[in-house]
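Below, read A as the first sequence line, B as the second, and so on, with proteins coming before strands; counting in each chain starts at 1.
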Amino acid sequence: MNKKTIYTLIAILIVFGIYGYEFFLKEEEKAEVVEAGKDVKNNTNEYFLPTSTTSQITHHEGYSLSYSEPHEQAEWVAYELKKSHLAKTNFKRPYFEIDKAIKTGAAHWRNYKKSGYDRGHLCPAGDRRYSQFAHDETFLTSNISPQRHDFNSGIWNALEQKVRYWAGKYDGVFVVTGGVLKHGLKTIGEENVAVPNEFYKVLIDTNTDKTKMIAFLLPHKKSNKPLYEFVVSVDTIEKLTGIDFFHELDDALENKLEASSSYKAWSFQ
DNA sequence: CTGACGATC
DNA sequence: GATCGTCAG
C-alpha cells in the first residue's frame with residue numbers, strides 16, 4: 001500500500017466520520033435543539049426578532065414570541081410567512097394547550113371559557129397550514145389573546161387575509177403582531193388574562209427590490225372601515241409598546257422606514 | 001376564513 | 001376530557 005492509497009483511505013474515513021456524526025446529531029438531538037430555540041433561524045428568521053420588554057422570548061418551530069407574565073399573553077409573536085407556506089389544506093382544529101415552554105406558566109384556556117371573548121390567534125392557524133405540526137402548534141395558549149368575536153372575525157380576520165395576499169404577491173413577509181399591553185387593563189378568568197384595547201401588526205418585506213415596512217394599529221372593536229385607515233408608523237407602535245422592531249437593520253434605513261406611515265408601496269388591491 | 005358551544009360516550 | 005356536529009360573524 002503506497003502513501004497515496006493510505007491518504008485516500010484516511011480522507012474517506014474522515015468524510016464518513018463527519019457525515020455519521022452529523023447524521024447522529026440530526027436524529028438524536030434535533031428535537032432538543034429545536035426545543036432550545038437554536039434552530040429558529042431555519043424556521044422563522046431570528047434576524048428580525050424584536051426586543052423583549054419581559055426577557056422571556058420563546059422559540060417554537062413555526063413562530064417565536066415574547067411572553068408577558070403579568071398579562072398572561074405574548075407581547076409579540078413573530079414569524080415569517082413565506083410564499084411557500086400558503087396552502088389550502090384544511091386541518092381539524094385541535095384543543096388549545098398550555099405552552100409548556102413558558103417557564104412562568106402560560107395561561108390555561110379555561111380563562112377564556114364563557115368570558116365572552118374569543119381565543120384569538122396571534123400567529124393565525126391560517127398562516128401555518130403547510131403542515132399538521134405547524135398548524136397545531138398555533139393552538140398554544142401563549143399564541144392567543146382575548147378578542148371580541150366581532151373584531152376577530154371581522155377587521156382582524158380581514159387584515160390576516162391581507163397579509164396572506166401580500167405574502168403571495170411579495171414572495172413572503174415577516175410578521176410581528178400582538179396586543180398593546182399596559183397596566184390597568186380589564187382581565188378575564190382566574191389567572192387575570194388582560195384584554196388589550198388595541199392590537200397591532202407590523203410587517204417587513206425584504207424579498208422584493210426595496211425593503212418596505214407597514215404597521216397597523218387597530219382599536220379592539222368592530223369596524224367596517226378600510227384597513228389603510230389604520231396604518232401608522234412603526235415608530236408609533238414602538239412608543240406605545242416599548243418594543244424595538246427590526247433593530248438589526250442598518251440604522252439609517254431603520255430610522256427612515258420606521259418613521260414613515262406611508263402605505264403606497266403596499267397594494268391594497 | 002375567524003370562532004363558540006351543546007350533546008354524547 | 002375528547003369528539004362530533006351545529007351555528008354565527
Side-chain angles (χ1 to χ4, degrees), chain A residues 62-63 65 72-74 76-77 79-100 105-170 172-173 175-180 186-191 193-203 216-230 266-269:
Chain A
Y63 58 92
L65 67 98
E72 287 292 2
Q73 64 198 275
W76 54 254
V77 169
Y79 60 97
E80 186 177 11
L81 181 58
K82 299 180 183 180
K83 190 176 184 177
S84 63
H85 288 157
L86 301 172
K88 292 177 180 175
T89 52
N90 206 2
F91 299 114
K92 196 179 75 173
R93 291 169 69 94
Y95 262 56
F96 282 94
E97 283 183 27
I98 296 173
D99 185 351
K100 289 171 183 168
H108 196 287
W109 58 265
R110 278 238 172 74
N111 291 287
Y112 292 73
K113 185 90 173 174
K114 293 190 175 177
S115 69
Y117 290 90
D118 279 9
R119 304 159 174 107
H121 279 85
L122 294 175
C123 175
D127 283 2
R128 304 282 88 151
R129 294 201 290 181
Y130 53 88
S131 81
Q132 177 94 57
F133 182 89
H135 172 264
D136 290 359
E137 194 185 42
T138 67
F139 286 76
L140 294 172
T141 55
S142 53
N143 184 43
I144 59 175
S145 291
Q147 291 183 331
R148 294 173 50 118
H149 186 66
D150 56 8
F151 173 79
N152 187 23
S153 65
I155 193 166
W156 189 248
N157 185 22
L159 178 54
E160 289 175 340
Q161 291 185 40
K162 188 66 74 181
V163 171
R164 284 191 277 274
Y165 163 72
W166 283 327
K169 186 178 180 69
Y170 304 130
V173 289
V175 186
V176 186
T177 190
V180 176
K186 178 190 174 176
T187 65
I188 57 169
E190 288 185 3
E191 293 178 284
V193 180
V195 182
N197 293 323
E198 304 97 17
F199 286 89
Y200 68 87
K201 208 176 275 287
V202 181
L203 310 177
F216 295 85
L217 182 65
L218 279 70
H220 186 189
K221 62 182 184 185
K222 175 184 165 72
S223 173
N224 294 319
K225 291 180 183 173
L227 283 168
Y228 55 76
E229 288 194 20
F230 299 96
W266 298 78
S267 165
F268 279 82
Q269 206 172 21

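Taking atom NE2 of A:His135 as the reference point, atom P of B:dT2 lies 8 Å away to the nearest angstrom. In this structure, A:Phe151 places its CZ atom 15 Å from P of B:dA4, rounding to the nearest Å. For A:His149 and B:dG3, the NE2 to P distance is 9 Å, given to the nearest whole Å. Separating the CZ atom of A:Arg93 from the P atom of B:dC1 is a distance of 8 Å, rounded to the nearest angstrom. Note: CG (A:Asp150) to C1' (B:dT2) measures 12 Å, nearest angstrom. Atoms CD1 (A:Ile188) and C1' (B:dA4) sit 13 Å apart, rounded to a whole Å. As a whole-Å value, the separation of A:Lys222 NZ from B:dT2 P is 18 Å.
Among the protein residues, A:Asn224 comes within range of no part of the nucleic acid, since none of its heavy atoms lies under 4.0 Å from any strand. Among the atoms of the strands shown, none is found under 4.0 Å from any heavy atom of A:Gly154. Counting non-hydrogen atoms under 4.0 angstrom, A:Gln147 reaches nothing in the nucleic acid. Nucleic acid contact for A:Arg129: sugar-phosphate only, since backbone atoms but no base atoms lie under 4.0 Å from a heavy atom of the residue.
Residue-environment remark: CD (A:Glu229) exceeds the threshold of 12 foreign heavy atoms within 6.0 Å. The neighbour count for A:Glu97 CD, taken as heavy atoms of other residues, nucleotides or ligands under 6.0 Å away, does not exceed 12.
Each of A:Lys92 and A:Trp109 has a nearest nucleotide on DNA chain C; the 5'-most of these lies closest to A:Trp109.
At a threshold of 4.5 Å between non-hydrogen side-chain atoms, the residues A:Phe230 and A:Pro219 count as touching. Within the 4.5 Å cutoff, the side chain of A:His108 has no heavy atoms near those of the A:Glu190 side chain.
Residues satisfying the side chain to side chain donor-acceptor pair (under 3.5 Å) test with A:Asn143, not counting sequence neighbours, are none.
The minimum heavy-atom distance between A:Thr141 and A:Ala106, with the atom names listed, is OG1-CB, 3.6 Å.
Contact check of residues 112-123 of chain A against DNA chain C (heavy atom, cut-off under 4.0 Å) returns no residues at all.
Using a 30° and 60° split on the angle between ring planes, A:Phe139 and A:Phe96 fall in the tilted class, from 30° to 60°.
Checking the phosphate oxygens (OP1, OP2) of B:dG3, a side-chain nitrogen or oxygen of A:Asn152 falls inside 4.0 Å.
Chain A approaches DNA chain C within less than 4.0 angstrom (heavy atoms of the protein), and the contacting nucleotides run 5' to 3' from C:dG1 to C:dG9.
Ring-centre distance between A:Trp266 and A:Tyr170: below the 6.0 Å cut-off. Residues A:Phe199 and A:Phe151 bring their aromatic ring centres within 6.0 Å.
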